[in-house]
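Read the structure below first, then the notes.
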Amino acid sequence: MGESGQSFRDDLAAYALGALDAERRREVEARLEGDPELRAELEEMQEAAASLALLAPSEEPPRSLKARLLERFDMELRARRTVGAPLPPPAPSLWARLKRRAMSPRLAYAVPAAVVAAVAASAASMVVFNAVVGQRIDEIQEQLTSEPVEQEVTAATLQETEAKIEERTAIQVEEVKAELDKKTESKLEAAQQELDSLRRTVSYQTKLMQLINREGAAYTWLAGEAEAAEATAVLAANRTGEPAVLWVNGLPQPPEGKRYQLWLYYQGRIWSPGTFTVETNGSAWIQLYLPLAVSNPMYARVTVEPVGGSSSPTGPDVLTPRR
Amino acid sequence: MRSGVRFDARVNRVNYETLTDEALLALIAVSDRQALAALYDRYGRRVFALAARMLGDPQSSEEVTQDVFLSVWRRVSSYKAGRGRFTTWLFSIAHNRTIDELRRRRRERYRENPPLEDHVEVISEAAPPPEEVVARSEGAMVREALGTLPAEQRAVIELSYFGGLTQAEIADRTGQPLGTVKTRMRLALKKLRLALTERIEERSG
């Protein structure tokens, strides 16, 4: 409160650049509330800051993104209308979105084969089930008409039986549906995970190509050693100010209490950006802001080090430059 | 009956592409799906490009882009027409959302494996422009305006706006006092604004 106007104005610039932590951001917002003059000043700064967005290298989003956005819009809108709530609920679960997509035939192309198979299996079981019930109804009808009983009684019984069968069928159909739904759900989820991982791989590949296609780009391929023989990695950097990237694939989890550490050799010196781990599928995509001197390292390697990292390599090599 | 349907269709057809941003927003305020789609067509690429530049990861950039456009719809009532340009508002939402994602990710990685961020050093030299930016006239103008700033002011802008670092983190990494970083930010934005205004006036006059 008692802080000087100048210090506060300095924070307005940081606010516009997004450089305040959450707590300070809220403080600034509270103070702006009752001060139109400060707000006008902030708006000027925000305008300048927003122009920086135009400096981002143009990048084409996938074409499916618009459809996915509108799908989320539709779901929130529907939820708003049914609940009559003024605010939309949180984003729908992945499962809900996925299910909608899988059930809609015109979007079938977007669904992986395993998902299609799972849905088809559920549909096929329903057909078989309906056929069995239908046959049973036919049998009872035949039985009733062939027996020598009075006409009215037969008609009434038939009607009653049909009603009962209908009721039972409905219950059973629901049960079977629920069971199949559960099975389908897990299959769909697995398939979606696979699809996501593939999609990520493709986007990383694209990103990597963009990075190394620019002038002044440098990259090093690394290959696995010993137990990590299957592992591969690429370290790529260019001089456009974009962060360098270390992309690792097929590396097992580090041993208990250990981490992987990246080492870069340049001009007779060694430097490490730090340690990392890999995801359960053995991959890692790590962005690094390298000091300019290191942006084209002579040599790179990855070793196993204790949590917290070492100041020089001590553990065994897991990735070294490909020969 | 058929001719009636045709007539309605013709009367109600709106060419969303030709509407102004403000008109689209007015329609989005009443949950017009096509208006949101048209706004996405107009700005989706830029929002995505900004997120991709900051996050370096197309996957999360897609999530962020979706969130930004849904936020526009949810928060459209808080947009005051005539007070600042729409794109300023949109890019602020996009920038804040991306920064949140960036910081969330850093916190997570920090828990996972602390030293990575700690060792990061600062590129003090401002980065030269990527080719495709220069090709776009608006981007070129901003690039030019940014070029009039001293290197240390460009550096704080790069680290905060694109790197998502807070002023305290920048002070930490560049070894400059916090007060200096704050002042640089203010001077940098002031100068950038001035240089942009000059260029806009030059162009229109």
Side-chain angles (χ1 to χ4, degrees), chain A residues 9-11 13-14 16-21 43-62 65-66 68-70 72-74 76-77 88 199-200 203 206-207 214 239-243 245 259 272-277 285-289 291-292 308-309, chain B residues 31 33 36-37 40 44-46 48-50 52-53 56-59 62 65-66 69-70 73-74 84-85 87-88 91-92 94-96 99 112-116 118-121 123 125 127-128 130 132-133 138-139 142-143 157-158 160-161 164-167 182-183 185-186 189 192-193 196:
Chain A
R9 282 195 158 74
D10 282 347
D11 273 0
L17 286 167
L20 295 179
D21 57 45
E43 272 155 26
E44 284 187 5
M45 292 199 203
Q46 276 178 324
E47 207 165 63
S51 72
L52 294 168
L54 300 177
L55 293 177
S58 64
E59 192 128 1
E60 202 65 45
L65 186 59
K66 184 175 169 185
R68 280 181 278 144
L69 165 69
L70 293 175
R72 270 179 71 184
F73 170 83
D74 290 343
E76 280 194 22
L77 187 62
R199 209 191 263 160
R200 212 168 293 142
S203 61
T206 315
K207 187 84 200 147
R214 299 227 171 92
R239 289 172 177 271
T240 60
E242 287 167 281
V245 157
R259 291 285 185 271
S272 175
T275 62
F276 64 94
T277 54
W285 174 268
I286 298 163
Q287 291 205 133
L288 308 158
Y289 281 94
L292 212 55
Chain B
S31 299
R33 187 180 199 269
L36 187 69
Y40 174 85
R45 290 171 61 178
R46 283 187 178 166
F48 180 77
L50 176 64
R53 167 73 174 80
D57 167 9
Q59 205 66 32
E62 288 174 32
T65 305
Q66 287 190 44
F69 282 91
L70 289 174
W73 172 44
R74 290 177 199 138
R85 290 161 58 188
T87 47
T88 302
F91 288 140
S92 298
H95 188 240
N96 284 334
I99 281 205
E112 259 297 290
N113 92 81
L116 191 64
D118 292 352
H119 288 265
V120 170
E121 283 181 31
I123 307 163
E125 205 173 288
E132 64 264 8
V133 171
E138 260 184 309
V142 180
R143 170 63 64 192
I157 282 196
E158 163 75 21
S160 58
Y161 194 82
L165 300 185
T166 65
Q167 46 185 12
K182 285 183 180 198
T183 312
M185 281 184 174
R186 186 170 53 83
L189 277 189
L192 179 63
R193 186 182 154 74
L196 278 172

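Fair warning: this is a prediction, and the values are worked out from it, not measured in the lab. In what follows, every chain begins at residue 1, and chains take the letters A, B, ... in the order their sequences are listed.
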For the student: nearest non-hydrogen atoms of B/M185 and A/L17, plus distance: CG-CD1, 3.9 Å
Measure across A/L70 and B/R33 and return the closest heavy-atom pair with its distance rounded to 0.1 Å. CB-NH2, 3.6 Å
Hey, what do you get for CZ (A/R72) to CZ (B/F69), rounding to the nearest 0.5 Å? 12.5 Å
Roughly how far apart are A/L55 CG and B/E158 CD, rounded to 0.5 Å? 9.0 Å
Could you tell me if the side chain of A/S58 sits less than 4.5 Å from the side chain of B/F48, heavy atoms only? no
If I take atom CG from residue B/L36 and atom NZ from residue A/K66, how far apart are they, to the nearest 0.5 angstrom? 9.5 Å
Report the residues that fulfil side-chain contact (heavy atoms from CB on, under 4.5 Å) with B/I99, sequence neighbours left out, ordered by chain and then residue number. B/M54, B/H95, B/R103
Holding to salt bridge (charged side-chain N to carboxylate O under 4.0 Å, His left out), I want the full list of residues that pass it with B/R193, two or more places apart in sequence or in another chain. A/E44, A/E47
Looking at every non-hydrogen atom in both residues, tell me the closest pair between A/A56 and B/A49 and how far apart they are. CB-O, 3.6 Å
Count the heavy-atom pairs under 4.5 Å between each of B/A52, B/P58, B/A37, B/G56 and chain A, then report the option with the highest count. B/G56
Is chain A contacted by the side chain of B/S92, its backbone, both, or neither, given a heavy-atom distance below 4.5 Å? side chain
Leading residue by heavy atom contact count with chain B [cutoff under 4.5 Å; candidates A/G18, A/A19, A/A13]: A/A19
With a 4.5 Å limit on heavy-atom distance, are the side chains of B/S31 and A/F73 in contact? yes
Quick check: do A/P57 and B/R53 have side-chain heavy atoms less than 4.5 Å from each other? yes
Is the closest side-chain heavy-atom distance between B/Q167 and A/D11 below 4.5 Å? yes
If you measure from CZ on B/R45 to CG on A/L65, what distance do you get to the nearest 0.5 Å? 13.0 Å
Is it the backbone or the side chain of B/L189 that comes under 4.5 Å from a heavy atom of chain A, or both, or neither? both
What's the spacing between B/R85 CZ and A/S51 OG if we round to 0.5 Å? 8.5 Å
Could you check if a side-chain atom of B/R46 sits within less than 4.5 angstrom of a side-chain atom of A/L54, using non-hydrogen atoms only? yes
B/Y40 versus chain A, heavy atoms under 4.5 Å apart: side chain, backbone, both or neither? side chain
Heaviest contributor of heavy-atom pairs below 4.5 Å to chain A, chosen from B/T65, B/L70, B/T87, is B/L70
Rounding to 0.5 Å, atoms CD (A/E76) and CZ (B/R74) come to a distance of 4.0 Å
